[in-house]
Amino acid sequence: KPITNKKGDQKAVLLSVLNITDLVVAKQKLYDREALLKHFIENLPVAINVLEGKDFVYRVSNKISESVWGYKIDLGTRVIDTVPGIEGRPIFKNLQEHEYVDAKGNTQYINYIFQSIRDVNGNVKYVMTLGYDVSEELKYKKQLRENEKKFKTLAESMPQLVWTADNEGSADYFNSNWYTVTDIPYG
């Protein structure tokens with residue numbers, strides 16, 4: 001601000017200088033850490049969401065969440081407005097692994113982990129969800145069970161003695177003909 005005499009002539013200028021270098025550096029570090037965290041969340045190999053309040057409003061969501069659910073997720077929207085029919089689903093009621101039909105009509109099995117995030121007073125403020133599609137894993141397990149059933153059907157229909165053993169050589173299956181011929185009781 002200029003300092004003037006009675007005639008209005010400028011005699012001096014008063015300057016106030018404040019060094020804000022530390023503040024600027026701190027803000028940049030905070031920005032860099034936030035950008036890194038966002039990058040990590042976006043590139044996690046699981047669906048991740050942070051939901052706020054009793055209405056479960058999306059505050060954080062990565063792209064994998066959209067592919068898992070089959071719906072576009074807009075931050076600030078409620079889960080029930082984003083995923084039609086979810087309010088009647090077990091995941092919404094019981095927060096468990098569940099069967100889910102996506103927007104394209106495909107049945108998926110999603111394994112979800114839920115973690116509450118509490119405020120300083122201990123009240124639940126957010127719910128963080130981590131989810132991953134286990135549909136392929138369950139498909140392979142189902143196929144394995146079907147193959148085991150076919151094997152047992154085949155083994156039970158054979159007149160020969162049939163047994164299997166584990167990697168260490170301990171028998172873990174005998175067909176019923178084995179018990180009949182050896183006269184050893186089941187067990």
Side-chain angles (χ1 to χ4, degrees), residues 36-52 54 56 58-73 78-80 82-118 122 124-187:
L36 183 60
L37 179 60
K38 284 180 181 179
H39 178 76
F40 283 154
I41 290 171
E42 191 56 43
N43 290 288
L44 285 171
V46 297
I48 185 168
N49 297 287
V50 175
L51 310 171
E52 182 178 23
K54 293 179 182 178
F56 299 118
Y58 287 103
R59 295 300 179 209
V60 173
S61 184
N62 64 359
K63 291 293 179 194
I64 290 180
S65 294
E66 292 183 1
S67 68
V68 165
W69 285 109
Y71 294 96
K72 180 164 178 18
I73 296 172
R78 299 179 312 162
V79 171
I80 61 173
T82 303
V83 184
I86 194 169
E87 55 207 319
R89 304 295 300 166
I91 191 163
F92 199 74
K93 291 180 178 178
N94 303 323
L95 308 180
Q96 297 174 4
E97 177 183 318
H98 73 292
E99 177 182 310
Y100 174 72
V101 179
D102 68 14
K104 297 176 184 174
N106 301 316
T107 299
Q108 295 179 315
Y109 295 89
I110 311 299
N111 192 2
Y112 261 93
I113 300 167
F114 292 83
Q115 178 65 49
S116 59
I117 301 170
R118 299 177 183 275
V124 175
K125 178 81 173 163
Y126 301 98
V127 175
M128 182 177 61
T129 69
L130 296 171
Y132 53 97
D133 188 341
V134 292
S135 301
E136 288 297 311
E137 180 181 335
L138 292 178
K139 181 176 104 178
Y140 293 132
K141 285 181 180 181
K142 180 180 177 186
Q143 184 66 48
L144 180 61
R145 284 191 303 274
E146 289 173 4
N147 289 346
E148 287 174 352
K149 185 177 176 182
K150 287 178 185 177
F151 168 78
K152 286 185 179 181
T153 300
L154 177 65
E156 290 300 320
S157 67
M158 295 176 68
Q160 290 85 5
L161 303 181
V162 178
W163 71 92
T164 61
D166 63 18
N167 291 341
E168 295 171 5
S170 297
D172 56 7
Y173 170 78
F174 299 97
N175 71 346
S176 58
N177 196 36
W178 189 90
Y179 289 105
T180 302
V181 169
T182 63
D183 202 27
I184 296 175
Y186 283 97

Would you check, one step at a time, whether the test side chain to side chain contact (heavy atoms under 4.5 Å, CB included) holds for Phe151 with Asn147? CA-CA 6 Å; Phe151 168 78; Asn147 289 346; over 6 Å; no
Steps toward side chain to side chain contact (heavy atoms under 4.5 Å, CB included) verdict (Tyr58, Thr82): CA-CA 10 Å; Tyr58 287 103; Thr82 303; 3.6 Å; yes
So how far is it from [X] [atom1] to [Y] [atom2], rounded to the nearest 0.5 Å?
{"X": "Thr164", "Y": "Asp172", "atom1": "OG1", "atom2": "CG", "answer": "3.5 Å"}
{"X": "Tyr173", "Y": "Trp163", "atom1": "OH", "atom2": "CH2", "answer": "12.5 Å"}
{"X": "Leu130", "Y": "Ile64", "atom1": "CG", "atom2": "CD1", "answer": "11.0 Å"}
{"X": "Gln160", "Y": "Asn175", "atom1": "CD", "atom2": "CG", "answer": "9.0 Å"}
{"X": "Met128", "Y": "Ile113", "atom1": "CE", "atom2": "CD1", "answer": "9.0 Å"}
{"X": "Ile80", "Y": "Phe56", "atom1": "CD1", "atom2": "CZ", "answer": "10.0 Å"}

For residues [X] and [Y], determine if any side-chain heavy atom of one lies less than 4.5 Å from a side-chain heavy atom of the other.
{"X": "Ile48", "Y": "Thr129", "result": "no"}
{"X": "Ile184", "Y": "Trp178", "result": "yes"}
{"X": "Asn49", "Y": "Val60", "result": "no"}
{"X": "Val79", "Y": "Leu51", "result": "yes"}

With a 4.0 Å cut-off on N to O distance, would you call [X] and [Y] a salt bridge?
{"X": "Lys141", "Y": "Glu137", "answer": "yes"}
{"X": "Lys139", "Y": "Glu136", "answer": "yes"}
{"X": "Glu42", "Y": "Lys63", "answer": "no"}

Do you know which two heavy atoms are closest between [X] and [Y], and how far apart they sit?
{"X": "Ser65", "Y": "Ser61", "result": "CB-OG, 3.5 Å"}
{"X": "Ala47", "Y": "Tyr112", "result": "CB-OH, 4.2 Å"}
{"X": "Ala155", "Y": "Val162", "result": "CB-CG1, 3.9 Å"}

Can you tell me if [X] uses its side chain to pair, donor with acceptor, with the backbone of [Y] under 3.5 Å?
{"X": "Ser170", "Y": "Asp166", "result": "no"}
{"X": "Ser135", "Y": "Tyr109", "result": "yes"}
{"X": "Glu156", "Y": "Ser176", "result": "yes"}
{"X": "Asn62", "Y": "Val46", "result": "yes"}

Report the C-alpha separation of Asn177 and Thr180 in whole Å, then their side-chain angles, then the decisive distance to 0.1 Å, and conclude whether the side-chain hydrogen bond (donor to acceptor under 3.5 Å, both in side chains) test is met. CA-CA 5 Å; Asn177 196 36; Thr180 302; 4.8 Å; no
Derivation of the side chain to side chain contact (heavy atoms under 4.5 Å, CB included) call for Val124 and Ile117: CA-CA 6 Å; Val124 175; Ile117 301 170; over 6 Å; no
Before giving the answer on side chain to side chain contact (heavy atoms under 4.5 Å, CB included), spell out for Tyr126 and Arg59 the whole-Å C-alpha distance, their side-chain angles and the decisive distance to 0.1 Å. CA-CA 9 Å; Tyr126 301 98; Arg59 295 300 179 209; 4.2 Å; yes
